[in-house]
Amino acid sequence: MNNNYPWLRGLRKDWNVTRGKFLFRHQKRIAGELHEQYKRLALTLDGVVERSKVDADGLQPADYSTYQIFEKGNLVFKLIDLENKKTSRVGLAPSDGIMSPAYIRLEKTSESILEEFAHYYYLSLYYQDVYRDIGQGVRSSLGAADLLDLPVPTPALHEQKKIVEFLDKKLEKIKRLKGTMKQKLERLSEYQFALIYEAVTKGLNPAADMKESGEALIGKVPKHWKLISLKLTAQFASGSGFPEALQGKTEGDFPFLKVSDLNIPDLTVERANNYVTRSEAAEHRFTIVPAGSIVMPKIGEAMRKNTRKMLARPSIIDNNMMAIIPRDTIDREFLFLWTMVLKTDFYINPGTVPSLNVFEYKNQKITLPPLDEQKKIASYLKEKLNYIKELTETIQKELTELDEYRASLVTDAVIGKIEIGEKMMKG
């Protein structure tokens, strides 16, 4: 059997293998009127967690009566949209509760398996992209029958217990380390914002004579500085609709930027996942945004990330974005720094799909120091931001390495490739 399942190669020879259907059963228990008696649970990248029924994040159901009842120890799977690599797939219910009807619930029927061990095994398949590989194609999903047909290692119960205890301890340590690193990233982000804010509102001379700006966001400014509405420093351009027939080209005269193309560590962007030719741009009347312009999301949850990028080359942006094209009266890098201070959270139109209140954003006052001071501020901050970027990338690399270590640890442990002795349990 093992030869047909690559992820089982290396399995300890004295271990048994049993198909999931002989260990678990799948049965939906719709809550109906009982939903009020249960707390809401959700499957996340950190496992199954309790979530408020009035949570504002994500899509919320109008009625929880369609949700499923899960009992403590049930295995939880979300095996739809398998091409999406950034979503949770496997969990273990820590308590009774209700969860989405789209989830698969497995209930143990055999005494030869521990739910906790099975959870780690199924988690290892997620780490190895097994679900995606099996379910790839038009449907990009797996059903309960597919899942239950997969083989599951069933070593002796005392060995399963030892592996679970080992992994619980190791993964808790990794979780703590990741938490510390994420706190460092948050502090770096806060420091970066404070650094930029202080420089663009107060300047670099701590002895400068100050005056009240009359703007709550800005506070006091150097006496010789002016204030100006953002709309007077730049032109604003909306994005273009991107016909599906034109998408997918990796070469062309102009990058066609989508919001996802902004998810890079650099402050400038010059590449995209899609390109169009000059003739296509002319035929479809796409707006060509010049190099040096600032681009940002203007609709959807992506706005809340406060992402800003400067174009390194003439580009086209899609209609979920907006471009700010600096005028000659302001240094483009200084204006770019100001847009990083103007968090879009301050200018959001409420609604099912959040959007930028462009009128309020354009009318926001910003500082306008003499041009030479703008350039000095931009140069000073460029050096500082490069250093912050290096620190951030180092931490993110360490986080990635921890995730890889966690995945290899789980994957090796559940097929018996790790000899777990007393020293391993203590380490």
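Values in this document were obtained by computation on a predicted structure and should not be read as measured data.
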**Message:** Please determine whether side chain to side chain contact (heavy atoms under 4.5 Å, CB included) holds for the pair Leu262 and Lys305, giving the CA-CA distance in whole Å, both sets of side-chain angles, and the decisive distance to 0.1 Å.
**Reply:** CA-CA 11 Å; Leu262 307 185; Lys305 295 182 180 178; over 6 Å; no
**Under 3.5 Å: donor-acceptor pair, side chain of Thr201, backbone of Tyr197** = yes
**Request:** Can you spot which of Lys375, Gln374, Lys376 makes a side-chain hydrogen bond (donor to acceptor under 3.5 Å, both in side chains) with Asp331?
**Result:** Lys375
**Request:** Indicate yes or no for a side-chain donor-acceptor contact from Arg308 to the backbone of Thr339 under 3.5 Å, with no hydrogens or angles considered.
**Result:** yes
**Message:** Between Gln183 and Thr180, is there a side-chain donor-acceptor contact under 3.5 Å, judged purely by atom types and distance?
**Reply:** no
**Request:** Indicate yes or no for a side-chain donor-acceptor contact from Glu280 to the backbone of Thr277 under 3.5 Å, with no hydrogens or angles considered.
**Result:** yes
**Request:** Under the side chain to side chain contact (heavy atoms under 4.5 Å, CB included) rule, what do Leu148 and Phe22 come out as? Steps first, then yes or no, please.
**Result:** CA-CA 8 Å; Leu148 289 169; Phe22 299 114; over 6 Å; no
**Asked** Going by atom types only, do Asn363 and Lys231 share a side-chain donor-acceptor pair under 3.5 Å?
**Response** yes
**Prompt:** What is the ring orientation for Tyr122 with Phe77, classed by angle as parallel under 30°, tilted 30 to 60°, or perpendicular over 60°?
**Reply:** perpendicular
**Request:** Give, for atom CG of Leu257 and atom CG of Leu311, the distance between the pair rounded to the nearest 0.5 Å.
**Result:** 6.0 Å
**Request:** Using distance alone, with no hydrogens and no angle criterion, decide if Arg304 and Asn306 have a side-chain donor and acceptor under 3.5 Å apart.
**Result:** no
**Complete:** CG (Leu41) and CZ (Arg51) are apart, to the nearest 0.5 Å, by 10.5 Å
**Request:** Taking the side chain as every heavy atom from C-beta outward, state whether Phe24 and Ser110 have any pair of such atoms under 4.5 Å apart.
**Result:** no
**Message:** Please check this pair: side chain of Gln247 against backbone of Phe242, looking for a donor-acceptor N/O pair closer than 3.5 Å.
**Reply:** yes
**Message:** If I compare all heavy atoms of Ile316 with all of Phe254, which pair ends up nearest, and what's the gap?
**Reply:** CD1-CB, 4.0 Å
**Request:** Classify the side-chain pair Thr154/Ser112 by whether it contains a donor and acceptor separated by less than 3.5 Å.
**Result:** no
**Prompt:** What is the minimum heavy-atom distance between Asp261 and Ala272, and which atoms define it?
**Reply:** OD1-CA, 3.6 Å
**Item:** Minimum-distance pair of heavy atoms, taken over all atoms of Leu142 and Ile104
**Value:** O-CD1, 3.7 Å
**Flag if over 12 foreign heavy atoms under 6.0 Å of CZ, Arg25** = no
**Request:** Apply side-chain hydrogen bond (donor to acceptor under 3.5 Å, both in side chains) to Thr87 and Lys78, showing your working.
**Result:** CA-CA 9 Å; Thr87 189; Lys78 182 169 67 176; 2.9 Å; yes
**Prompt:** Do Asp133 side-chain atoms and Val130 backbone N/O form a donor-acceptor pair below 3.5 Å?
**Reply:** no
**Heavy-atom pair with the smallest gap, counting every atom of Ser238 and Ile317** = C-CD1, 4.4 Å
**Asked** Atom CZ of Phe334 and atom CD1 of Ile196: how far apart are they, to the nearest 0.5 Å?
**Response** 11.5 Å
**Request:** Compute the centroid of each ring, for Tyr67 and then for Tyr64, and state whether the two points are separated by less than 6.0 Å.
**Result:** yes
**Message:** Donor-acceptor pair, distance only, cut-off 3.5 Å: does the side chain of Gln68 make one with the backbone of Tyr103?
**Reply:** yes
**Asked** Do you see a donor-acceptor pair shorter than 3.5 Å between the side chains of Gln192 and Lys389?
**Response** no
**Message:** Please determine whether side chain to side chain contact (heavy atoms under 4.5 Å, CB included) holds for the pair Arg19 and Asp149, giving the CA-CA distance in whole Å, both sets of side-chain angles, and the decisive distance to 0.1 Å.
**Reply:** CA-CA 6 Å; Arg19 292 200 183 276; Asp149 199 45; 3.7 Å; yes
**Request:** Give a yes or no on this: more than 12 heavy atoms of other residues, nucleotides or ligands lie within 6.0 Å of atom NZ of Lys28.
**Result:** yes
**Asked** Between the side chain of Asn274 and the main-chain N/O of Gly248, is any donor-acceptor distance below 3.5 Å?
**Response** yes
**Message:** side chain to side chain contact (heavy atoms under 4.5 Å, CB included), that's the test. Do Asn84 and Arg89 meet it? Break it down for me.
**Reply:** CA-CA 10 Å; Asn84 183 356; Arg89 296 291 175 202; 4.1 Å; yes
**Item:** Exam field: side chain Lys72 to backbone Gly97, donor-acceptor pair closer than 3.5 Å
**Value:** no
**Fill in**
Rounding to 0.5 Å, atoms CG (Leu402) and CG (Leu409) come to a distance of 11.0 Å
**Message:** Cation-pi check for Phe193 against Lys343: NZ or CZ below 6.0 Å from the six-membered ring centre and within 45 degrees of the axis, yes or no?
**Reply:** yes
**Asked** Hey, is the main chain of Leu82 close enough, under 3.5 Å, to the side chain of Ser140 for a donor-acceptor pair?
**Response** yes
**Request:** Provide the closest heavy-atom pair for Ala102 versus Ile80 in the form atom of the first, atom of the second, distance.
**Result:** CB-CD1, 4.2 Å
**Message:** Does either side chain, that of Tyr121 or that of Trp7, offer a donor lying less than 3.5 Å from an acceptor on the other one?
**Reply:** yes
**Item:** Greater than 12 external heavy atoms within 6.0 Å of Arg271's CZ
**Value:** no
**Message:** Just by distance, no angles: are the side chains of Lys298 and Ser355 close enough, under 3.5 Å, to form a donor-acceptor pair?
**Reply:** no
**Fill in**
Leu335 and Ala234 have their tightest heavy-atom pair at CD2-CB, 4.0 Å
**Message:** If only side-chain N and O atoms count, and only distance matters, is there a donor-acceptor pair under 3.5 Å linking Ser95 with Lys39?
**Reply:** yes
**Asked** Which distance, rounded to the nearest 0.5 Å, do you find between the CG of Leu342 and the NZ of Lys365?
**Response** 13.5 Å
